[in-house]
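Residue numbers begin at 1 in each chain, while the letters A, B, ... track the order of the sequences.
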Amino acid sequence: MSFEWPWQYNFPPFFTLQPNVDTRQKQLAAWCSLVLSYCRHQKLYTLDVLEAQESPVFNNKKIERKLSVEAIQVVFEELRKKGNLEWLDKNKSRCLIMWRRPEEWGKLIYQWVSKNGMVNSVFTLYELANGDDTEKEEFHGLEDWMLLRSLQALQAEGKAEIITMDDGKGVKFF
Amino acid sequence: MDRFVWTNGLLEMNETLVIQQRGVRLYDGDDKAKLDVGVVLLSTHRLLWRDQKNHECCICIPLSQVIFFEEQAAGIGKSAKIVIYLHPVPENKEPGPYQQSKYSFIKLSFKEHGQIEFYRRLTEEMTQKRWENTPVSQPIPTGTTPKAARTRAVGIVGIERKLEEKRKETDKNISEAFEDLSKLMEKAKEMVEVSKSIANKIKDKQGDITEDETIRFKSYLLSMGIANPVTRETHGSGTQYHIQLARQLGDILQAPLEERGGMMALTEVYCLVNRARGMELLSPEDLVNACKMFESLKLPLRLRVFDSGVMVVQLQSHSEEEMIASALDNVSDKGSLTAEEFAKLLGLSVLLSKERLLLAEKVGHLCRDDSVEGLRFYPNLF
């Protein structure tokens with residue numbers, strides 16, 4: 001399924017950081033949703049800033065426009081404020097993209113668990129993310145760090161408990 | 001340098017000081033004298049020199065000892081100098097700083113300038129030879145020079161005299177030539193005074209001059225080029241001047257503003273107004289200050305400063321919304337526009353058209369596309 005670009009993607013001004021405050025807000029909102037939906041589509045969980053510059057998201061070769069590094073940083077900052085992005089290093093060169101927040105993942109996982117009547121069972125993390133049973137689920141293939149965070153969110157809600165086992169981590173749902 | 005004698009530096013009776021100059025070093029011929037920098041003084045009778053640091057050290061030489069002198073221009077690293085050729089040492093010369101010297105000339109090196117005026121005064125004194133009229137107690141050794149020396153001296157003195165005469169001749173010619181001019185200047189001054197007084201009378205309506213004559217007189221003034229413009233002289237500097245000027249600008253600028261769609265950059269106004277004035281040009285500050293008064297004087301013009309700092313004069317009737325709306329229409333029409341394209345479209349200057357586009361962007365009607373291709377404006381579809 002090919003990615004559907006939003007209309008702004010082909011609008012040259014989209015690639016210039018707008019000085020008008022109101023216009024900028026709308027522009028940044030559009031960028032945030034574009035980045036998130038693109039990452040969701042490509043199942044990208046981390047982004048490298050330098051690589052991102054050349055990625056089709058920020059570089060539209062057709063209209064010969066690309067977002068400057070400063071502008072990319074502004075977009076990322078916006079995402080961070082919204083809770084969808086986390087920097088992996090102080091230099092802000094790599095980041096985690098959470099096109100779904102941990103709480104949202106947690107909710108999905110718990111839904112699946114309760115739908116299949118598996119509450120009170122214990123799962124290993126591997127089973128959840130890579131097991132055959134979860135193949136059709138959205139959270140299938142979820143990267144470990146994200147999975148862990150989602151489960152931690154559930155844990156905070158009292159719906160799960162993370163257990164440390166001999167060969168890794170597991171989780172019990174309540 | 002052996003012609004100099006020690007002196008106490010005091011002037012004698014009948015001797016007056018003509019000019020003095022500090023920062024002068026003496027040269028014995030081409031060599032620097034073993035003295036420091038000092039003050040050289042020219043009196044009606046003598047040439048004196050005093051050490052700047054040690055006022056006790058003072059030497060002099062009678063002017064009658066001077067045969068001839070000339071200027072030596074300054075060079076790189078070298079000060080300007082005056083070279084003075086002297087008679088041989090008289091027999092009964094009093095003691096001085098030098099017992100003997102192989103040179104017959106000295107130099108005055110003007111480290112702090114002043115050589116031009118000094119040279120002039122020296123020339124004057126050497127021409128007038130005032131010391132001959134009022135002899136002082138210093139011995140004047142001219143009578144004791146040996147005959148051979150005198151003949152030599154006469155030769156140089158003769159040259160000197162010829163130069164002097166030539167100089168006087170030139171001077172006379174120049175003064176004569178400019179005599180007429182100075183007379184003309186005087187007459188012109190009177191004329192300007194007369195016209196000024198009449199102009200004032202017209203203003204105050206105190207003269208017995210009729211309307212017709214007033215108009216005719218004004219046209220004469222105009223043809224002479226003294227159109228009684230609002231100048232600093234007539235109205236002084238300060239607010240009065242600016243107020244009057246603002247009123248004048250209000251009149252002049254109406255038509256051009258309307259032609260240009262109600263707005264002109266201040267630089268355009270400046271050029272236009274000064275070209276019209278011809279003489280008595282306005283300075284930029286005066287123009288700006290006058291424009292600032294438009295609003296308080298309730299004139300139909302406004303000085304406006306954009307965010308970028310560009311200043312324009314616009315008609316009060318000029319509507320901002322209309323401009324912005326029309327800008328949006330134009331851009332939407334063409335899809336997108338650069339400032340240059342917009343300027344071409346409207347027949348405005350690029351500067352003003354850019355301001356207009358920026359304004360439209362500010363209110364959110366347009367957005368910008370900044371790339372290597374340049375700055376373009378699009379309708380704001382966000």
_Geometric class of the A/Trp7/B/Phe382 ring pair [parallel <30°, tilted 30-60°, perpendicular >60°]_ =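 Ring orientation, 0 to 90° scale: tilted.
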
Proximity of [range] to chain B, residues having a non-hydrogen atom under 4.5 angstrom:
{"range": "residues 12-36 of chain A", "value": "A/Pro12, A/Pro13, A/Phe14, A/Thr16, A/Gln18, A/Pro19, A/Asn20, A/Thr23, A/Lys26, A/Gln27"}
{"range": "residues 64-78 of chain A", "value": "A/Glu64, A/Arg65"}
{"range": "residues 43-63 of chain A", "value": "none"}
{"range": "residues 93-127 of chain A", "value": "none"}

Please check if the number of heavy atoms outside [X] that lie under 6.0 Å from its [atom1] is greater than 12.
{"X": "A/Asp132", "atom1": "CG", "answer": "no"}
{"X": "A/Ile162", "atom1": "CD1", "answer": "yes"}
{"X": "B/Lys344", "atom1": "NZ", "answer": "no"}
{"X": "B/Lys111", "atom1": "NZ", "answer": "yes"}

*Over all atoms of both residues, closest heavy-atom pair of B/Pro379 and A/Phe11*: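 Reported closest heavy-atom pair: O-CZ, 3.4 Å.
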
*Using non-hydrogen atoms only, which part of B/Asn380 is less than 4.5 Å away from chain A: side chain, backbone, both, or neither?*
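Looking at B/Asn380, just its side chain touches chain A.
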
*Please state whether the side chain, the backbone, both or neither of B/Val363 comes within less than 4.5 Å of a heavy atom of chain A.*
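It is the backbone, since no side chain atom gets that close.
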
